[in-house]
Structures are given as structure tokens and as C-alpha cells.
Amino acid sequence: MKTITVRYFAMFREHAGVAEETLTLDVGTAADVFECTKERHGSAEPAGHCKVAINDEMADWSAVVSDGDTVLLFPPVAGG
Amino acid sequence: MKTITVRYFAMFREHAGVAEETLTLDVGTAADVFECTKERHGSAEPAGHCKVAINDEMADWSAVVSDGDTVLLFPPVAGG
Amino acid sequence: MLSMTTAAIDPDALRKKLFDAAAGGYCAFEGWVRNENDGHTVLRLEYEAYEPLAIIEGDKIFAEAKREFPFLHALCVHRTGMLEIGDCAVWVGVASPHRDEAFRACRYIIDELKVRLPIWKKEHYADGHSGWVNCERCAQHGRAGSPT
Amino acid sequence: MLSMTTAAIDPDALRKKLFDAAAGGYCAFEGWVRNENDGHTVLRLEYEAYEPLAIIEGDKIFAEAKREFPFLHALCVHRTGMLEIGDCAVWVGVASPHRDEAFRACRYIIDELKVRLPIWKKEHYADGHSGWVNCERCAQHGRAGSPT
């Protein structure tokens, strides 16, 4: 089990009802973290449309998360 | 013979030394007028790079000029 | 260089920062909050950004644009928070010796910025609903699961 | 709509004329007098125009742009007379619902305007010479025939 801090943005934050939470999860990759949060809070958004960062660096969904990491979940963007 | 008022712009005006002059010419088309002014004031510019207007309307070089017309000779443009 | 602000954007002040005696062409783009999207009457737009990563990604976009379309100076300011109709949400300006690079770099920057920066916008509609732009599936879910 | 002026162009005032609640994208282009052309140091630029036909041709260009890239509003102001380095010689602004039309219409207008309007510019160089831009053959003749 790993202790992971998850930060939610925009729609994801609204779904979760919190901007940030620290969870104890049995996960390997960033994609696993995303799946866990979907089970927890719901979302039909596929990972392919979303982006993820680990400890303030953009990452692939296949990136391995380590105990103590902060994972940022970004729904589809629309700047400008 | 036709009485034609010729107006010169930019470099053409500098060549001619006048902005406008009224000439009595034996000409048929706007191109003929241009040739006459080249003989009179000099210029190596081919008509293809220049534009002509007759009585404030853009015209083709093949347009026929009439007695009393004003012919405007435009060297190559470069706005902006 | 990209920066974020919650204050009103001042295009004229930004434009003056790009002045250069070697610049012959200047191109600017502004995104304004408009009153309609996809058939819905929009009352206002709410922008949220994650600034630390937006700045980093913005720097990458500027570097790519400069490599591709060499320009002299470029700036971009993106506003966040609640914006009203007509407000300027984003401003991009580019100065270069000739106009082609100015137009192309400006277009590249705004195009990339819209799809790569961690910035989200929520439309508030006349009918009382609201929705996150570009987030159709999660918005669908949102409608089914929670009345946001 | 195109207009000509001998006074300094005020981009911010012009930009405000294009505001529209239905506009989501705004693109502007400015041509600035730069200090160099073709390896020559330029001190200033002199613009001459034949306004009656410039206005007519400008209207045609705007109509073409609007047909091709439907926009809400567009304006262009071209300055004439003697301009110094850094002065704005021409300003084009376009507002449209989406950014693509704004960029494309703006580009179309400035591109066409530069080759179609009866406007001429004379560069004044640091070495004391001057030359009409785009008028190489008559310039050659000018150098040979008269010391203008």
C-alpha cells in the first residue's frame, strides 16, 4: 500500500467534493490512481482525454507512483 | 490628337518633375499614354508592374482613352 | 513568456512592451468572452488554472514557436476567475521583423495554449445551468450523478 | 472599412470599436517602421497614397475577406506622410465569433492591401540616399538619370 495525495481540478474537484485528499492505495501507476478515484467519486472521462502530473511534473499514465507522491488529475483542458 | 491630362504618382512624379500635366497626344490606349510619358520623362519600368486608372477608375492598359480623359499612372505599390 | 492574472488584461500596455526598432510586423490575438456557445446563451465564464504547470508548458510553447517562426518578442497573459461577456480572457502578442513570422507564431501560441495548458473554463448559462467546456463525458456524468 | 490618416494611429481606440458581445476572437496586425531593409539602415519612411482609389480598392478587399472568412467587424487605418522608426504605418483589426476567421481575415486584408492599394513608400537611408520600395527598375533609372 502507498500513501498518495491526490489533487483534483475543475470538474474532477466538483465530483470529488474536495480539492485534495490523501489516500492509502494499492496502486502501481498513475492510471491506477485515476481508476481508484473514479470508483471513489465517479467520472465517465477516459484517461486518454485527461492529463496527469506527479509531483508537479507532467507524466504519462503509465508512470509508476511512489509512496508519498502527489498525483494531479487534470480533466480535458480548454484555455483561451 | 487627344488632349489628355496625366497624373504622376510617387517615383513617376519625381521623374516627371510635375504631379500633373495636360498633353496633346496621338494615342489610342492607356499603354500608348504610358509610352509617351516614358519618352518624355524616362522610366525603365515595364507597364506590367504598374497600374493605370482613367478618370479615377482602375483600367487595363489596353483601355481606350478619349479626348479630355485624365490618366493616372501608378508605379509599383508597396503599402503597409 | 506566459503569465497569469486575475486582474483585467491591458492590451495596450502589453503591446508597448513588444516595441523594437527592428520589428516591422506585430500580430496580436485576444480571446473575448462571448455571449453564446453551442446554442446556449452564456452569461459569464469562470476560468481555473493550475499556474505552476501552466507557466512551464507555456515556456515550452514559446520556445517551439520561436524555433519554428523566429520572432523578436512575444508575450501572453491569461486571465483566471469569473469573467463577464466582452472581457479579454487571453492576450497574445508577437513582434518580428516581417509579418509572416508574427502571424504564424501568434497563431501557434494560441492554438497550442488552448489544448495544452492546464486551464479550464466553466460556462454559466442563462437557464441557470453551468458546464465545463471540453469535458463532455464528465459533464454527462455530472448531470446524471450530481446537480452541478 | 479602410481609412487613411496623416495623424498617429491609436490602436487601442480602434480595437474598442470592434467590441461585440458575439465576438470570441480578435486578431490585429500592425506594420511598424523598422530601422533596416535589405541591408540598408533606414532613418524614416515616407508614405504617399492616392486616397480616392485606395478607399475603393480597400472596400473590395474587405468584401472579399468577409465572403471568404465571415467575421463580425473589421477595420483598417493606413497612415501617410513622413514616419519615424517605431511608428505604426498600418493597423488592421478583425473580430469574429471564433479565432480562425479573425486570423485569416486579418492576414488576407493586410496581404492584399500591400499589393493592391495605390500606396507607395520611400525609404530614407542613413547614407543620405532614398529609394522607393518595390520600384527597382524606375529606381535604377532614377539613380542613372536624376539624383533623387
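The sequence lines fix the lettering, A, B, ..., with proteins before strands; numbering per chain opens at 1. All values derive from a computational prediction rather than experimental measurement.
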For this session: May I ask you to decide whether D:K122 forms a salt bridge with B:E14, counting only side-chain N to carboxylate O separations under 4.0 Å?
Result: yes
Exercise. Any chance CD of B:E57 has more than 12 other-residue heavy atoms, nucleotides or ligands included, within less than 6.0 Å?
Worked result: no
Exercise. If you draw a 6.0 Å radius around CZ in D:R104, do more than 12 non-hydrogen atoms from other residues or ligands fall strictly inside?
Worked result: no
For this session: Name the member of D:A89, D:C88, D:G31, D:P118 that forms the most heavy-atom pairs with chain B at distances under 4.5 Å.
Result: D:P118
For this session: For D:N134 and B:P76, work out which heavy atoms get closest and say how close.
Result: O-CB, 3.0 Å
For this session: Counting only heavy atoms closer than 4.5 Å, note whether D:L53 contacts chain B via side chain, backbone, both or neither.
Result: side chain
Exercise. Between B:V77 and D:V115, which heavy-atom pair has the shortest distance, and what is it?
Worked result: CG2-O, 3.1 Å
Exercise. What are the two closest heavy atoms between B:K51 and D:R116, and how far apart are they?
Worked result: NZ-CA, 3.7 Å
For this session: Kindly assign one of parallel, tilted or perpendicular to the pair D:W120 and B:F74, based on the angle between their ring planes and the thresholds 30° and 60°.
Result: tilted
